[in-house]
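Take a look at the structure set out below.
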Amino acid sequence: MENPAQKDRQLPKKYNPGEVEDRIYRFWEEGGYFHAVPHGKSSKDPDPDKTPYTIVIPPPNITGELHMGHALDNTLQDILIRWRRMQGYEALWLPGTDHASIATEAKIVEALAKEGIKKEDLGRKGFLERAWAWKERYGSRIISQLKKLGSSCDWERERFTMDEGCSRAVREVFVRLYEKGLIYRGERIINWCTTCHTSISDAEVEFEETDSVFYHLRYPLADGSGYLELATTRPETMLGDTAVAVHPDDERYAAFVGRNVILPIVNKEIPVIADTYVEMDFGTGVVKITPAHDTNDFEVGLRHNLPAVTVIDDRGYMNELAGKYQGMSIMECRKAIVKELEEQGYLIKTEPIRHNVGLCYRCGTVVEPRISLQWFVKMKPLAAPAIEAVKKGETRFVPERFEKVYFHWLENIKDWCISRQLWWGHRIPAWYCSDCGETIVSRKDPDKCPKCGSAKLAQDEDVLDTWFSSALWPFSTLGWPDKTPELEYFYPTSTLVTGYDIIFFWVVRMMFSGLEQMGQVPFRTVFIHGLVRDALGRKMSKSLGNGIDPLEIIKEYGADALRFTLATGNSPGNDMRFTYEKVEAYRNFANKIWNAARFILLNIGDSEVELSLPDVLEIEDKWILSRLNSLAAEVTENLEKFELGIAVQKLYDFIWDNFCDWYIELSKPRLQGEKADSARRVLVYVMTGILKLLHPFMPFITEEIWQSLPHQGETLMKSDWPVYQESLNFPAEEREMERIMEAIRAIRNRRAEMNVPPSRKAPVFIETAFADTFRRGKIFFERLAWASSVEIGAGFDIDGAVSIVTADATIKIPMRELVDKDAERARLNREKENAKKQLDSVLARLNNPSFVEKAPAEVVRSAREEAERLREKLSLLEQSLAGLS
RNA sequence: GGACGUUUAGCUCAGCUGGGAGAGCAUCUGCUUGACGUGCAGAGGGUCAGCGGUUCAAGUCCGUUAACGUCCACCA
């Protein structure tokens, strides 16, 4: 590949992400660097032992635009995949999109409505044509948006939940489960959305606390001996009541059980039954039972063999069994019925009540429980292995606490309603024979009934829940049901990255599907993240209009700044707030690195720079190399623990503080002298190390800089991840540099307190027990502590000097005109008091026998050292005070 | 009703397996130091929600209370 960066080694003063990002992304894509292949199959494989690292993308819906949730999710995935790729894994990030059955269909219906067309006008075939056109248009849009983020997906392997392969997998799974008796069709009470006009699963119902009215009704006893009082929030369903229930232990009503009451208005006799489902102390302790329109009542109905009378139709209107109320909407009917009950004296009273109402998670319509003929997956047998696998640690959650949520859901799971009365989706592969009534479920479309031979077959009209196909994603995308090399090599996948909000929808379903079909968990680790909220902590939503468009942020601040923002300042599983201040801070950080690179390039000029380290290293070289070495270890360690935020923080601190504020400054005087060459080599070496460690987080700017610097190889994204090397560990030099840096900081501090401008340079006299160290660091004082000269010795007697005391040295700076002896004395005394207090506290610990006895030797030793340092400092302070008078 | 999370500097949040509190932003003071003012050098600011316990040692572990938040359940 052509090196895409500027050739002239001159970078502009400000980093301009807009100019860089698209170019770099194209370079990667054209280079084929995102592509991953199975290893170990062929003898010609140059790298047969390469270990796979696999992530399958949570496929974004083709309805959607990239939002902050996607940006977070995909940033985390890209960080992991880029890091593992650099570590030498065969890293596959498999991308794709989801057909999102119900959501997409709703969008298309909405678009059609604007043209004044109903989907029925188009017919199934015509509608599906529109849907595929939609998919072509919006499916590619979201993909291009993912690219803007820098996602290093293997686009050659892009999949779609309704493409041929995935559809084949869906059909195969359906047939297998059916043949095993794990998929069945039956009349059950299900959640019905009267707007989407389809069934939805339990997971798709959202509950919301709602203010409502509790109507107390009077149901007269059939024998005229009195009445029972009961309460309901849904009086219109009384038209479908087939019993009244009380608790079997409720003495108040024991005498009524087995007798009949007359259903008001309908004037029908219905029995009084006893069932433990009734709560004695809620309401009046009497419940009307409407098996056709309430989930619990349905269960009661089954236990007591009650008939179910459906009075509401699939559009939310009263049907013919509702008598004169037929044709009214639920709310209209409620009003009318309450009026009539009141007129006839059946309404005792009303009271306000706050209770939960189930809403459709797509459109927010109140969900109607409804009896209907649907397809279900029998969950108990599938849930058990999924629970077991996590208990055995075959899959683990990060953070671990989400395992509890996972277990709770699976342990209480009910059968999964998978049929949807929609057109966009995988059509259920079931046919019904209109002659003998046989149901045929098969891998191939049947042309005649296997039982009676009739050709009058009709395919089930429904499609599958969109999550049915998503559940197969980790293996359907790798070629299953065929035994492809990809499937063998990349499955089970390594890490699944997703938000806690779709654990139920997706994670559990992938788990049991993977275990059932593949016999192995679909992924080793589930890395859960939280939600991105707005600056006020509110969920970003369309209706609130508080959403922040990631693409706008990328345009203004750059993808790297956005990624850094999302990767930092938050711990796994927790929500985070998005603020412009944060992105701005990381935009500044990117610019900081950019300018560090500029500095290096400026100093390289035309000279050739060796990529290896020089043979002779200075103290500051060893210090920064040693720090970089530990940084590599720390970043790696935290990535392994999925503590991306901590890894980011360490990188940030090292780059800004150690490298830019110290090492680069320290290198400046050297770059003017004989040791310039070795300085350049160390600068390039450290910068390269930084770029590597930072690359997973900020891929664009790091690649751009890397290409500009002297380098080896084609692309940073394929370079080796830095590993800790014992040969680069220099603890002694680190300590020495610390002494020097402490002294420099102390001088700066004093000068700032006295408001001495940098332009006012002054000689510095250092008295220290570490003369060698300070001699090596002499030049740094001139540069970083504005010293006009540096002398290291003992017993300097300077009249009117400022004394600065560290644990290792006393520094004297003659600034007679600025020194007020009394103030100086007071300050030194303050410092003395301070040091004394600290010393006392350390001594208190050391004088405690149980501390010395029980604390680890390491801790005791460092306490002793601390005490020693403080004693030293105290004595130096004493001397300075004595010298003052 | 059950489970979980959060509570640390003015604001937003880190602080991993207990060893003596950090960052960014904001505030204040200096700075035309030849990479960067999207910058440099400094400063101020915290009884780590309350209470109790374990420990030589607690922001960190245990218990408890409170406030806020989330999920599950669904008492009609």
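Letters A, B, ... are given to chains in the order of the sequence lines, protein chains preceding strands, and every chain is numbered from 1.
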Name of the residue among A:Arg218, A:His216, A:Lys349 meeting side-chain hydrogen bond (donor to acceptor under 3.5 Å, both in side chains) with A:Glu229: A:His216
CA sep, side-chain torsions, deciding dist, call: A:Thr210, A:Asn356, side chain to side chain contact (heavy atoms under 4.5 Å, CB included): CA-CA 6 Å; A:Thr210 313; A:Asn356 273 330; over 6 Å; no
Inter-nucleotide C1' distance (B:A21, B:U8), Å rounded: 8 Å
Sugar-phosphate only, base, or nothing, as touched by A:Ala585 at under 4.0 Å among non-hydrogen atoms: sugar-phosphate
Phosphate-side-chain proximity, A:Asn749 and B:A43, N/O vs OP1/OP2 below 4.0 Å: yes
Phosphate OP1/OP2 of B:G39 contacted by A:Asn588 side-chain N/O (<4.0 Å): yes
Sugar-phosphate, base or nothing in reach of A:Phe402, heavy atoms under 4.0 Å: nothing
Side-chain N,O (A:Tyr500) to OP1/OP2 (B:G5) below 4.0 Å: no
A:Tyr652 and A:Tyr586 aromatic ring geometry - parallel, tilted or perpendicular at 30°/60° bounds: perpendicular
Base B:G20 to side chain A:Arg845, donor-acceptor N/O within 3.5 Å cut-off: yes
Between B:U17 and B:U60 - C1' atom distance, rounded Å: 10 Å
Short side-chain N/O contact from A:Arg577 to OP1 or OP2 of B:U12, under 4.0 Å: yes
Quiz item: A:Lys14 side-chain donor-acceptor pair to B:A35 base, under 3.5 Å: no
Gap in Å between the two C1' atoms, one belonging to B:G15 and one to B:G19, rounded: 14 Å
Distance-only donor-acceptor test, A:Lys13 side-chain atoms vs B:C36 base atoms, 3.5 Å: no
5'-to-3' dot-bracket of RNA chain B (Watson-Crick, G-U; under 3.5 angstrom; crossing pairs as [ ]; | other strand): (((((((..((((.....[..)))).(((((.......))))).....(((((..]....))))))))))))....
Charged tip of A:Arg748 within 45° of A:Trp662 ring normal and under 6.0 Å: yes
Gap between atoms CD1 and P, on A:Ile747 and B:G42 respectively (whole Å): 11 Å
Neighbour count >12 (heavy atoms, 6.0 Å) for atom NZ, A:Lys836: no
Nearest-Å distance once atom C1' is located in both B:G18 and B:C61: 7 Å
Plane angle bin for A:Tyr557 and A:Tyr580 - parallel if under 30°, tilted between 30 and 60°, otherwise perpendicular: tilted
Whole-angstrom distance between B:G10 and B:U47, as gauged at atom P: 8 Å
P atoms of B:G42 and B:U54, separation to the nearest Å: 44 Å
Gap in Å between the two P atoms, one belonging to B:C51 and one to B:A58, rounded: 14 Å
Residue-phosphate contact under 4.0 Å: A:Arg401 side-chain N/O, B:C4 OP1/OP2: no
Rounded distance in Å between the C1' positions of B:C28 and B:A66: 37 Å
Summary of salt bridge (charged side-chain N to carboxylate O under 4.0 Å, His left out) pairs that have at least one residue in residues 571-592 of chain A, sequence neighbours excluded: A:Arg533-A:Asp575
